Amino acid sequence: MSGSPHSPAALHAPVLEWYAANARVLPWREPDAGAWAVMVSEFMLQQTPVNRVLPAYRAWLERWPKPIDLAAEPPGEAVRAWDRLGYPRRALRLHAAAQAIVERHSGEVPDDHEALLALPGVGTYTAAAIASFAFGQRHAVVDTNVRRVLARALTGVAQPTISPTAADQRLAMSALPADEPTAARWAVASMELGALICTARAPRCDDCPIRSQCAWVLAGSPPYDGPPRRGQTYEGTDRQVRGRLLAVLRAAAGAVPKKALDACWHDAAQRERALDGLVADGLVEPLSRARYRLPG
DNA sequence: TACCCGTGGCT
DNA sequence: TAGCCAAGGGT
């Protein structure tokens, strides 16, 4: 059952042993963290690196230790506390999710996968992550790290496909240990391997516990030969303008005169489009044509 | 499906 | 330096 290359089961023991010895100490992994802490961390970690999440995470849980504490606040306070983590719609969704938890689940983060998936801002990955990390359930937890580890170790290519696919989910399911607690440890361990060793740019294969079984290494570590990845341009985009507008509103105690927002960006047409977009998203509340604030 | 959505560190 | 990349979700 073990030992042959490309055999998922052969990966389990070395990866689990490696994790036991090398896992980072992170607050949401503490035994007493609780499901709400795991959920907050997962929202913040959607596209934002661990090191930048840590301070915001600590402040958030100190201020709102339970879902009902956040649900009682206006959504604008969540946006303000989100600080500069990026993608502030996540703050709005986390606030809405907290309200849904209070209304539908008596204030407790549900342990049911379908119930989690029905919460705002919770997609396939986040639902599986909360169910696995917080409740020890058996789910394929497929993020960009896991997709990369499986692409290399089992498929033998340098990088996974650009977008997540159903094939990724099937591959992750096939690699999942049958036993529930082992599956939960495998989920976090394989993700950590992707974050620390099997990294996107300069993988540390010399330190990898499964290098002797890795299909990509065994194939001679061939370079990526798929379609070119679309770079994310940022300078001059609406996203940059939105970020500037929201930064002004976050820094202000209350409402902000439109004149202060107008100073954020030179191009009036783009500025108005960005502001309208923020209002449409519920991130900004217009009090009049001349005054704006974070949503109350 | 492809695109939109922030921010900043790293190589 | 300028891209590249980061525990995705919604539409």
Side-chain angles (χ1 to χ4, degrees), chain A residues 19 23-24 26-29 37-57 79 82-94 96-97 116-134 139-149 158-166 168-169 172 187-196 198-204 224 227-250 264-265 273-274 276-278 280-284:
Chain A
Y19 182 75
R24 289 170 290 181
L26 297 170
W28 46 86
R29 288 181 181 166
V38 171
M39 181 169 163
V40 170
S41 77
E42 290 304 334
F43 270 71
M44 291 185 169
L45 288 164
Q46 290 170 3
Q47 301 287 284
T48 302
V50 167
N51 285 341
R52 231 163 2 107
V53 161
L54 282 169
Y57 165 88
V79 174
W82 200 252
D83 197 37
R84 311 194 73 164
L85 291 180
Y87 293 145
R89 292 190 292 191
R90 290 181 292 163
L92 231 40
R93 294 185 185 129
L94 181 52
L116 287 165
L117 204 48
L119 297 173
V122 177
T124 306
Y125 162 77
T126 302
I130 296 171
S132 179
F133 301 162
H139 294 280
V141 184
V142 185
D143 75 328
T144 187
N145 290 305
V146 169
R147 294 203 320 118
R148 189 173 55 248
V149 168
Q159 299 288 347
T161 54
I162 293 174
S163 296
T165 63
D168 295 333
Q169 288 289 330
V188 69
S190 56
M191 188 176 307
E192 188 80 336
L193 187 68
L196 298 183
C198 194
T199 54
R201 260 177 286 189
R204 300 162 52 196
Y224 176 71
R229 306 193 166 231
R230 296 187 62 92
Q232 319 170 337
T233 56
Y234 183 63
E235 278 301 312
T237 62
D238 285 7
R239 292 155 83 175
Q240 183 181 23
V241 184
R242 286 167 60 106
R244 291 223 186 152
L245 293 169
L246 214 50
V248 171
L249 289 156
R250 275 198 311 265
C264 288
W265 196 252
R273 185 172 67 239
D276 288 347
L278 288 170
D281 287 345
L283 284 162
V284 173

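The model shown is predicted, which means the values in this text are computed figures rather than measured ones. Convention: sequence-line order gives letters A, B, ...; per-chain numbering from 1.
- Using C1' as the reference atom, B/dG8 and C/dG10 are 24 Å apart when rounded to the nearest Å.
- Nearest approach of A/Leu85 to A/Arg90, heavy atoms of both residues: O-NH2, 3.2 Å.
- With no hydrogens or angles considered, a side-chain donor-acceptor pair links A/Thr161 and A/Arg147 at under 3.5 Å.
- With rounding to whole Å, A/Met44 atom CE is found 22 Å from B/dC5 atom P.
- For the pair A/Trp28/A/Val53, a side-chain contact is recorded, criterion being any heavy-atom separation below 4.5 Å from C-beta on.
- Put simply, CG on A/Leu119 is 15 Å from C1' on C/dG8, counting in whole angstrom units.
- Heavy-atom nearest nucleotides on DNA chain B were determined for A/Ser163 and for A/Leu283, and the one closer to the 5' end corresponds to A/Ser163.
- Across the C1' atoms, C/dC5 and B/dG6 are found 14 Å apart, a figure rounded to whole Å.
- Residue A/Leu92 contributes atom CG, which lies 17 Å from atom P of C/dG9 at whole-angstrom precision.
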For nucleotides 5-7 of chain C, give me every protein contact, N/O to N/O, under 3.5 Å, one pair per line with atom names.
| from | atom 1 | to | atom 2 | distance (Å) |
| --- | --- | --- | --- | --- |
| C/dC5 | N4 | A/Gln232 | OE1 | 3.2 |
| C/dA6 | OP1 | A/Arg148 | NH1 | 2.8 |
| C/dA6 | N6 | A/Gln232 | OE1 | 2.7 |
| C/dA7 | OP1 | A/Asn145 | OD1 | 3.3 |
| C/dA7 | OP1 | A/Asn145 | ND2 | 2.9 |
| C/dA7 | OP2 | A/Asn145 | OD1 | 3.2 |
| C/dA7 | O5' | A/Asn145 | ND2 | 2.9 |
| C/dA7 | O4' | A/Asp143 | OD2 | 2.8 |
| C/dA7 | N7 | A/Glu42 | OE2 | 3.4 |
| C/dA7 | N6 | A/Trp28 | NE1 | 2.9 |
| C/dA7 | N1 | A/Arg24 | NH2 | 3.4 |

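- Judged by distance alone, the side chains of A/Gln46 and A/Tyr125 never bring a donor and an acceptor atom under 3.5 Å apart.
- Distance check on atom P: B/dC3 versus C/dA7 gives 23 Å, rounded to whole Å.
- Between B/dC5 and C/dA6, the distance separating the two C1' atoms is 14 Å to the nearest Å.
- Residues A/Phe43 and A/Thr48 have side chains not in contact (no heavy-atom distance under 4.5 Å, counting atoms from C-beta outward).
- Side-chain contact between A/Trp265 and A/Arg242 is absent, with no heavy-atom pair separated by less than 4.5 Å.
- Residue-level contact check: A/Phe43 touches neither bases nor backbone, having no heavy atom under 4.0 Å from any strand.
- Between B/dG8 and A/Arg84, a contact under 4.0 Å exists linking OP1 or OP2 to a side-chain N or O.
- For the pair A/Asn51 CG and B/dT7 P, the interatomic distance rounds to 19 Å; values are reported in whole Å.
- One N or O on the side chain of A/Arg244 and one on the backbone of A/Cys264 form a donor-acceptor pair closer than 3.5 Å.
- Heavy atoms only, all atoms of each residue included: A/Cys198 and A/Val149 are closest at CB-CG2, 3.9 Å.
- At least one donor-acceptor pair under 3.5 Å links the side chain of A/Glu192 to the backbone N or O of A/Arg24.
- In this entry the distance linking CG of A/Leu117 with P of C/dG10 reads 8 Å, nearest Å.
- Shown for residues 238-250 of chain A: no residue has heavy atoms falling under 4.0 angstrom of DNA chain C.
- With C1' as the reference atom, B/dT7 and C/dT11 are 23 Å apart, rounded to whole Å.
- Nucleic acid contact for A/Gly86: base, since at least one base atom lies under 4.0 Å from a heavy atom of the residue.
- Residue contacts for A/Pro88: at a heavy-atom cut-off of 4.0 Å it reaches the sugar-phosphate backbone alone, with no base atom in range.
- Regarding A/Leu116, its CG atom lies at a distance of 17 Å from the P atom of C/dG8, rounded to whole Å.
- If you take CH2 of A/Trp82 and P of B/dC5, they are 18 Å apart, rounded to a whole angstrom.
- Across the protein-nucleic acid pair, A/Arg93 atom CZ and B/dC5 atom C1' stand 8 Å apart, rounded to whole Å.
- In this structure, A/Arg93 has no side chain to side chain donor-acceptor pair (under 3.5 Å) partners at least two apart in sequence or on a different chain.
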